Amino acid sequence: MNLIEWLQRIMVGFGAAWVMWLMIGLSVVSVAIILERAWFFWSLRDDVVVLARDLRNALKDSIEAAQKRMEASPSAEAAVVKAGLVEADRGPKAAEEAMAGALALQRMKLERRLAYLGTLGNNAPFIGLFGTVIGVVGAFDALGKAAEKPMAQAASAAMAPQQVMSSIAEALVATAVGLAVAIPAVAANNYFQRLIRSTIANTDALTRVLLAHLHGEKESALEEAVEDIALAVTARKSEAAKPAKTNGAQNKKAAKKGEDEDESSEENG
């Protein structure tokens, strides 16, 4: 018995039923993940427009007020901005780095278990096709056995078409099961990926609101520092100019006094 006959007997012996049971098990796990991810994204929902407006208003008040507003929001966007607010006192660069790290962590949470849906959606049709191939092999095996029987056994040979049709039906069912498992997984994965992209875009918008505020504060602080330095320099120049004027006046008085003394000495002489 060669390898092909051995594989054929294995396929015909087991049939395509085990492939369909495998697909059913994978679909149960897929549905569980879809429900869990749907609940997770539902728990993170928040009005980002209102959140951005409240963040701007809170930043005008204080960093602490902005932190309280972000802590009140369950969204992933607020969690990222909150990480930047913690490092806000260290400058815009530190806040930006902190928010980048927080965004990476939030992205991992958002994408958790979605790889399973993507993998199942891409490979479920191929698993169903494998069951289809097994069914077709069984159909041709039934046709081969019917051809080997003599004409005297026509009654028993009449059962062969039924076996062929049964194997073909089993093959088509395997294909249908594969598609039925793949389509919801692909649809759910695409929907969740779109939510992730939307969340990241909203997070970028909120982080820019915070960074704009911090950069504005930094520029204001620099302008105030420049003004203080300019005032200090002006004050130093004015203080340095006063003694010079005083010394000039004293020199003039001394010169005039000397001239008066010379004139008096000439008169006496």
Side-chain angles (χ1 to χ4, degrees), residues 1-45 75-76 103-148 157-203:
M1 181 172 51
N2 56 25
L3 180 61
I4 296 177
E5 292 179 353
W6 180 69
L7 292 176
Q8 180 179 350
R9 289 189 178 184
I10 292 176
M11 290 182 181
V12 174
F14 285 98
W18 67 272
V19 176
M20 287 180 280
W21 282 112
L22 174 63
M23 296 296 296
I24 291 173
L26 294 175
S27 66
V28 170
V29 178
S30 175
V31 170
I33 292 176
I34 291 172
L35 294 176
E36 186 272 335
R37 289 289 89 186
W39 177 84
F40 176 75
F41 282 101
W42 178 263
S43 65
L44 297 179
R45 70 190 188 282
S75 63
L103 178 59
L105 294 176
Q106 290 297 323
R107 185 165 190 165
M108 290 180 61
K109 292 181 180 179
L110 294 172
E111 293 179 349
R112 186 176 298 169
R113 301 185 183 91
L114 293 184
Y116 178 88
L117 295 180
T119 303
L120 182 62
N122 292 329
N123 293 282
F126 294 103
I127 299 175
L129 182 61
F130 181 67
T132 302
V133 171
I134 293 176
V136 172
V137 170
F140 280 103
D141 181 73
L143 287 174
K145 290 180 179 179
E148 293 176 355
M159 299 296 297
Q162 296 181 1
Q163 295 178 359
V164 172
M165 298 303 294
S166 176
S167 299
I168 293 176
E170 187 177 8
L172 295 176
V173 169
T175 303
V177 171
L179 293 174
V181 173
I183 291 173
V186 172
N189 184 59
N190 292 338
Y191 176 71
F192 292 141
Q193 291 294 341
R194 188 180 67 82
L195 288 180
I196 292 173
R197 290 193 297 269
S198 176
T199 301
I200 292 175
N202 294 334
T203 302

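In this chain, residues are counted from 1 in sequence order. Remember, it's a predicted structure, so these values are computed and weren't measured experimentally.
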> When you measure from the side chain of N189 to the backbone N and O of A185, does any donor-acceptor pair fall under 3.5 Å?
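Checked: no pair found.
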> For P184 and I34, work out which heavy atoms get closest and say how close.
O-CD1, 4.0 Å
> How close do V29 and Y116 get, counting heavy atoms only, and between which atoms?
CB-OH, 3.4 Å
> How far does CZ of R197 sit from CG of N202, to the nearest 0.5 angstrom?
13.0 Å
> Quick one: does any side-chain atom of T203 pair with a main-chain N or O of T199 as donor and acceptor, under 3.5 Å?
yes
> Quick one: are L110 and F41 in side-chain contact, heavy atoms under 4.5 Å?
yes
> Please report the interatomic distance CG(L195) to CD1(I200), rounded to the nearest 0.5 Å.
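L195 CG to I200 CD1: 11.0 Å, rounded to 0.5 Å.
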> Out of curiosity, L114 CG to N190 CG, how far, rounded to the nearest 0.5 Å?
10.5 Å
> Find the distance between NZ (K109) and CG (L44) and round it off to the nearest 0.5 Å.
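Separation between the atoms: 9.0 Å.
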> T119 side chain to A115 main-chain N or O, any donor-acceptor pair under 3.5 Å?
yes
> Closest approach of V19 and I127, non-hydrogen atoms and distance?
CG1-O, 3.4 Å
> Looking at Q106 and A76, what are the two nearest heavy atoms and their distance?
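Where Q106 meets A76 most closely, the heavy atoms are OE1-CB, 3.5 Å.
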> Nearest heavy-atom pair of G121 and V186: which atoms, and what distance?
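In terms of heavy atoms, the two residues are closest at CA-CG2, 3.4 Å.
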> Can you check whether I24's main-chain N or O pairs, donor with acceptor, with S27's side chain at less than 3.5 Å?
yes
> Is there a donor-acceptor contact under 3.5 Å from the side chain of R194 to the main chain of Y191?
no
> Classify the ring geometry between W18 and F130 as parallel (under 30°), tilted (30 to 60°) or perpendicular (over 60°).
perpendicular
